[in-house]
Amino acid sequence: MDLMSTPDAPEFATALLAWFDAHQRILPWRDNRDAYRIWVSEVMLQQTQVKTVIPHFERFLRRFPTIHDLSAADEQTVLREWEGLGYYRRAKHLHQAAKQLAPLSTNGLPSDPKTWEELPGVGRYILGAVLSQAFDLRLPIVEANTIRVLSRLFAYRDDPRDTTGKKWLWQTAERILPTARIGDFNQALMELGALVCTPDAPACSKCPVASFCAANHLGEQASIPMAPTATVIESVREVAVILRRAGRMLLVQRPKTGRWADMWEFPRTVLTTDESNDQAAGRLLTEQGITAKLDCQFHELRHGVTRYRIQLAAWLADHEAGEFAAIGYQNQVWTSLEELANYPVSVPQRQLIQRLRSDGRSVSLFD
DNA sequence: AATACGGGGTA
DNA sequence: TACCCAGTATT
């Protein structure tokens with residue numbers, strides 16, 4: 001058996017960086033090493049593919065070119081700019097963190113890890129990604145691409161996603177860090193995972209570090225990393241009502257399950273009985289102390305969340321009397337028309353509004 | 001240790 | 001359809 005070089009050898013970083021220099025994609029956040037731009041990009045890229053992020057990133061940076069522009073904006077504006085990216089908590093945390101960081105950023109963003117660790121929405125990945133890329137601090141990263149790349153390089157056969165695997169990943173990511181070009185090295189590892197060391201059919205023949213790869217030597221690229229246990233997707237029915245008052249349309253949506261249900265207290269049993277959807281919608285309003293006429297417009301939308309496939313039945317209603325509260329993303333509760341009307345809507349909700357408009361209805365949610 | 005959190009891309 | 005994606009916070 002021949003000796004194989006391991007990825008903690010200096011030759012590994014040399015080979016990987018040479019490949020990165022020649023083959024990296026041109027991405028808008030690679031224009032320069034501005035910490036703010038890198039930070040925004042890393043937050044957007046959480047659980048979101050590069051191709052999806054690019055147009056949002058460019059629009060967001062035009063709207064908020066510096067951390068001071070972002071910190072000066074109100075939250076609703078930031079959330080609206082985030083529309084379509086999902087995981088809106090990211091935007092809230094980014095905005096809160098910008099407010100904390102802006103006063104410390106008169107000469108650029110701080111490079112002190114302690115300062116960054118305190119920020120909402122900044123975990124170990126964001127910390128390493130931003131500080132290694134912006135300031136070349138010697139901090140490791142672990143994320144979707146590098147989980148796969150590291151598992152294969154070392155032929156890690158256990159589940160890299162469990163507690164033991166995570167610990168191994170962070171230790172390994174730190175151990176193979178070179179002593180210079182840390183940010184490029186971290187990015188190169190991710191870029192390799194995105195372009196070469198892909199989940200299905202990795203292009204090992206084009207891999208610059210195949211000679212360092214245990215899985216490649218063993219021919220086990222297809223079985224490493226081990227597949228995660230499949231997620232069970234549950235189908236859920238939701239009821240929503242669109243309130244129309246004073247020329248404005250408002251969407252009131254019942255939460256799907258869990259914590260939201262505790263707040264809304266709309267009995268889920270309704271959804272599994274023979275009770276008609278009209279009655280369910282009527283009760284939804286009544287329980288909120290709202291008097292409304294339903295004109296029985298029925299729409300069915302599909303709204304994807306992690307573990308649920310949601311069928312949303314929506315009605316149009318004229319709001320006659322009564323105060324109301326509405327619930328939407330992140331347990332947000334609105335108590336005023338203004339607040340709700342200015343909140344970003346999800347893509348399915350936007351589709352619903354477009355459908356109403358195509359039916360000749362005047363929808364003025366944002367007008 | 002599990003779960004919540006979105007929406008888009010892809011075979 | 002089912003899985004994947006430059007994760008973090010909460011329970």
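Numbers restart at 1 for each chain; the letters A, B, ... are given by sequence-line order, proteins then strands. These values consider heavy atoms only, across backbone and side chains, with no hydrogens, waters or symmetry-generated copies.
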Quiz item: Can you tell me how far P of C:dT8 sits from CD of A:Glu143, to the nearest Å?
Solution: 10 Å
Self-check item: Length of the CG-C1' vector between A:Leu195 and C:dA6, whole Å
Solution: 12 Å
Exercise. Give A:Ala129 one of three labels, base, sugar-phosphate or nothing, depending on what nucleic acid heavy atoms sit under 4.0 Å from its own.
Key: nothing
Practice problem: Would you kindly give the CG-to-P distance between A:Leu94 and C:dT8, to the nearest whole Å? | Solution: 13 Å
Practice problem: Check every strand shown and say whether A:Val43 touches a base, only sugar-phosphate, or nothing at a heavy-atom separation below 4.0 Å. | Solution: nothing
Practice problem: On the 0 to 90° scale, with breaks at 30° and 60°, tag the A:Trp39-A:Trp116 ring pair as parallel, tilted or perpendicular. | Solution: perpendicular
Quiz item: In whole Å, what is the span from the NZ atom of A:Lys166 to the C1' atom of C:dT8?
Solution: 11 Å
Quiz item: Where is the tightest heavy-atom contact between A:Asn145 and A:Ala194, given as atom of each residue plus distance?
Solution: OD1-N, 3.4 Å
Self-check item: Nearest-angstrom distance from the residue atom CD of A:Gln24 to C1' of C:dA6
Solution: 14 Å
Quiz prompt | With A:Phe60, the side chain to side chain contact (heavy atoms under 4.5 Å, CB included) member among A:Leu70, A:Val53, A:Leu85 | solution = A:Leu70
Quiz item: What does A:Ala230 touch in the nucleic acid at a heavy-atom separation under 4.0 angstrom: a base, only the sugar-phosphate, or nothing?
Solution: sugar-phosphate
Practice problem: Establish, with yes or no, whether the OP1 or OP2 oxygen of C:dA9 is under 4.0 angstrom from a side-chain nitrogen or oxygen of A:Tyr87. | Solution: no
Quiz item: Between the side-chain atoms of A:Thr48 and the base atoms of B:dG6, is any donor-acceptor pair under 3.5 Å?
Solution: yes
Self-check item: Separation of atom CD in A:Gln47 from atom P in C:dC3, rounded to whole Å
Solution: 16 Å
Quiz item: For A:Met44, does its backbone N or O pair with a side-chain atom of A:Arg90 as donor and acceptor, under 3.5 Å?
Solution: yes
Quiz prompt | A:Arg37 (side chain) donor-acceptor with A:Asn32 (main chain) under 3.5 angstrom | solution = no
Exercise. Between C:dT11 and B:dG6, how far apart are the P atoms? Round to whole Å, please.
Key: 15 Å
Quiz item: Whole-Å distance between B:dA2 P and A:Arg161 CZ?
Solution: 14 Å
Exercise. Go through B:dG7, C:dT8, C:dA6 for me and flag the one nearest to the A:Glu42 side chain.
Key: C:dA6
Exercise. Name the closest nucleotide to the A:Pro199 side chain, picking from C:dA6, C:dC3, C:dC4.
Key: C:dC4
Practice problem: Check every strand shown and say whether A:Trp82 touches a base, only sugar-phosphate, or nothing at a heavy-atom separation below 4.0 Å. | Solution: nothing
Exercise. May I have the distance from A:Leu85 (atom CG) to B:dG6 (atom P), rounded to whole angstrom?
Key: 11 Å
Exercise. Tell me which nucleotide among C:dC3, C:dA6, B:dA4 gets nearest to the side chain of A:Arg89.
Key: B:dA4
Practice problem: Select from A:Asp162 and A:Gly86 the residue whose nearest nucleotide in DNA chain B is closer to the 5' end of that strand. | Solution: A:Asp162
Practice problem: Answer yes if the side chains of A:Gln46 and A:Tyr125 hold a donor-acceptor pair under 3.5 Å, and no otherwise. | Solution: no
Can you pull every protein N or O that's under 3.5 Å from an N or O on nucleotides 9-11 of chain B?
unit_1: B:dT10; atom_1: OP1; unit_2: A:Lys51; atom_2: NZ; d: 2.9

Quiz prompt | Backbone of A:Gly183 reached by a side-chain donor or acceptor of A:Asn186 within 3.5 Å | solution = no
Exercise. Could you work out the separation of C:dA6 and B:dA11 based on their P atoms and round it to a whole Å?
Key: 14 Å
Exercise. Could you check whether A:Arg148 gets within reach of a base, just the sugar-phosphate, or nothing at all, counting any heavy atom under 4.0 Å?
Key: sugar-phosphate
Quiz item: Mind checking what makes side chain to side chain contact (heavy atoms under 4.5 Å, CB included) contact with A:Ala18, not counting sequence neighbours?
Solution: none
